[in-house]
Amino acid sequence: HAQLPIVVNTWPWPQATEAAWDKLISSSSVLDAVETGCTQCEIDQCGGSVGFGGSPDENGETTLDAMIMDGGNMNIGAVGCVRGIKNAIGVARRVLENTEHTLLVGNLAKDFAVEMGFKEESLSTNHSQQMYNDWRKSNCQPNYRSNVTPNPKTSCGPYKPMRSHVQAEQNSRANLNINQSNHDTVGMISIDENGHVAAGTSTNGLNHKVPGRVGDSPIPGAGCYADNTVGGAVATGDGDVMMRFLPSFQVIESMRHGVSPTQAIEDALNRILKYYPTFNGALVAVSKDGYVGAACTGFSSFHYCVRSHSHQPTAVFSVKC
Ligand code: SD4
């Protein structure tokens with residue numbers, strides 16, 4: 001338990017937590033805090049899986065997903081598969097503030113960003129090119145396709161035929177070895193001393209994803225959820241699976257009925273595990289009165305950061321999965 005105000009985020013990225021905290025103290029805006037904290041991770045390329053230069057898709061391109069949610073009025077701004085803009089969470093914030101929409105995607109999300117004054121630039125780096133080249137050399141396996149003929153565009157494959165849908169998921173996910181090092185979204189929750197909650201996410205998704213893929217991070221109730229009357233929740237992990245269950249929404253609804261944050265997360269993960277026993281994922285949640293909980297599955301452990309007046313500087317906590 002921590003006093004309000006508070007900032008919490010997924011993974012051991014205290015520089016993002018501190019940036020959000022400083023902004024929260026100076027601006028008193030939980031939305032500014034979440035945007036600033038996630039932006040810090042986009043600049044730092046946290047874990048290689050936030051921001052530019054990570055997770056090249058089958059064409060070698062990095063695309064970004066991000067979302068920000070205001071738990072006071074239940075407004076959301078999000079971008080999916082946005083190309084050529086480094087500050088995806090900033091664009092999500094503009095979708096929230098400057099449009100009546102919730103989610104913009106792809107090239108047209110980039111056009112919107114440029115209209116809003118964001119700079120268009122390449123998201124590729126030597127590192128992402130190298131990852132892409134290495135993958136091409138291995139006949140582009142593993143990846144997220146299950147077709148038996150080569151991919152006509154890349155000539156990669158053929159990929160292994162899959163027997164059934166669930167089996168396909170399990171085989172391909174076991175091969176993909178989704179883990180902490182290739183699969184870390186920043187998800188952040190901020191609550192001010194009046195109990196105003198905001199949550200946000202930013203990620204470059206998955207290595208070698210099929211171009212056009214959007215994960216859970218910009219999907220309301222999947223990547224995050226916030227509600228001033230309850231608290232906030234954020235998710236990280238295998239987004240293709242998670243978005244089928246809306247775990248952040250489930251956690252908030254359980255907490256609304258009095259379940260503790262940790263128990264609510266365990267329940268949400270267990271629901272997914274019934275269908276996808278090898279699934280990897282983690283959530284962290286904060287109640288509106290400052291109770292923090294976390295749980296994970298499939299990783300060896302999950303780390304998260306907490307900053308408040310009683311956690312100074314940022315404390316990094318670890319839970320075993
Ligand atoms: C996704 N959930 O795009 C994101 C990736 C991630 O921890 O969380 N990595 O599937």
Side-chain angles (χ1 to χ4, degrees), residues 9-13 16 38 41-42 44-58 61-68 78-83 88-89 92 103 105-106 109 123 128 131 142-144 169 172-173 176-189 199-225 233-249 251 265 268-269 272 276 278-285 294-305 319 321:
N9 59 268
T10 55
W11 304 115
W13 298 326
C38 293
C41 257
E42 290 170 346
D44 295 345
Q45 302 169 287
C46 284
S49 45
V50 182
F52 68 102
S55 305
D57 68 14
E58 284 184 347
E61 182 177 358
T62 295
T63 59
L64 306 179
D65 294 342
M67 163 168 58
I68 188 162
V79 288
C81 199
V82 66
R83 310 173 91 167
I89 188 83
L103 173 60
V105 301
L123 302 186
S128 66
M131 285 170 76
N143 93 332
Y144 292 86
E169 292 285 346
S172 74
R173 279 165 210 287
L176 287 164
N177 189 25
I178 291 166
N179 59 42
Q180 208 160 314
S181 64
N182 64 10
H183 211 255
D184 309 344
T185 294
V186 64
M188 182 173 276
I189 302 159
T201 57
S202 182
T203 187
N204 54 33
L206 298 181
N207 291 333
H208 321 310
K209 60 192 176 186
V210 177
R213 182 262 189 193
V214 173
D216 61 309
S217 302
I219 305 302
C224 73
Y225 210 64
V234 291
T236 177
D238 185 344
D240 292 293
V241 168
M242 284 196 291
M243 70 196 288
R244 300 169 191 172
F245 295 86
L246 302 183
S248 294
F249 179 75
V251 165
I265 292 168
L269 293 173
I272 301 173
Y276 300 99
T278 59
F279 154 77
N280 303 57
L283 286 96
V284 52
C296 54
T297 184
F299 304 122
S300 54
S301 62
F302 168 61
H303 293 78
Y304 62 97
C305 293
V319 286
C321 304

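Every number for a ligand or one of its atoms is a count from 1 in the order of the listing. Every heavy atom of this structure was used, including side-chain atoms; hydrogens, water molecules and symmetry mates were not.
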Any N or O of [X] closer than 3.5 Å to N or O of ligand 1:
X	value
Asp216	yes
Arg213	yes
Gly239	yes

**OP:** Work out which heavy atom in Ser55 is nearest to a heavy atom in Met131; give both atom names and the distance.
**Re:**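 So the two residues come closest at N-CE, 4.4 Å.
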
Original post:
Any heavy atom of Gly237 sitting closer than 4.0 Å to ligand 1?
Top reply: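 Distance cut 4.0 Å: Gly237 passes for ligand 1.
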
Subject >> Test item, Met243 contacting ligand 1 (heavy atom, 4.0 angstrom) >> reply: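 Checking ligand 1 against Met243, which is what was asked, there is no heavy-atom contact under 4.0 Å.
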
**OP:** Take Thr185 and Ser217, measure what side-chain contact (heavy atoms from CB on, under 4.5 Å) needs, and give me the verdict at the end.
**Re:** CA-CA 8 Å; Thr185 294; Ser217 302; 3.6 Å; yes

Original post:
Taking side chain as C-beta onward, heavy atoms only, is Tyr225 less than 4.5 Å from Leu246?
Top reply: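 Side chain of Tyr225 against side chain of Leu246, heavy atoms only: no contact under 4.5 Å found.
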
Original post:
Should Phe279 and Leu269 count as side-chain neighbours, where that means a heavy-atom distance under 4.5 Å?
Top reply: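 Phe279 reaches Leu269 side chain to side chain.
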
Original post:
Step by step, would you call Tyr276 with Asp238 a side-chain contact (heavy atoms from CB on, under 4.5 Å)?
Top reply: CA-CA 11 Å; Tyr276 300 99; Asp238 185 344; over 6 Å; no

Original post:
Thr185 heavy atoms, cut-off 4.0 Å: which ligand 1 atoms fall inside?
Top reply: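 Once the distances to Thr185 are compared, the set is 2 (N), 4 (C), 5 (C), 6 (C), 7 (O), 8 (O), 9 (N).
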
Original post:
Just which atoms of ligand 1 are under 4.0 Å from any heavy atom in Thr203?
Top reply: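 Ligand 1 atoms under the 4.0 Å threshold to Thr203: 5 (C).
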
**OP:** Would you please test Gln45 and Asn204 for side-chain contact (heavy atoms from CB on, under 4.5 Å) and show each step?
**Re:** CA-CA 9 Å; Gln45 302 169 287; Asn204 54 33; over 6 Å; no

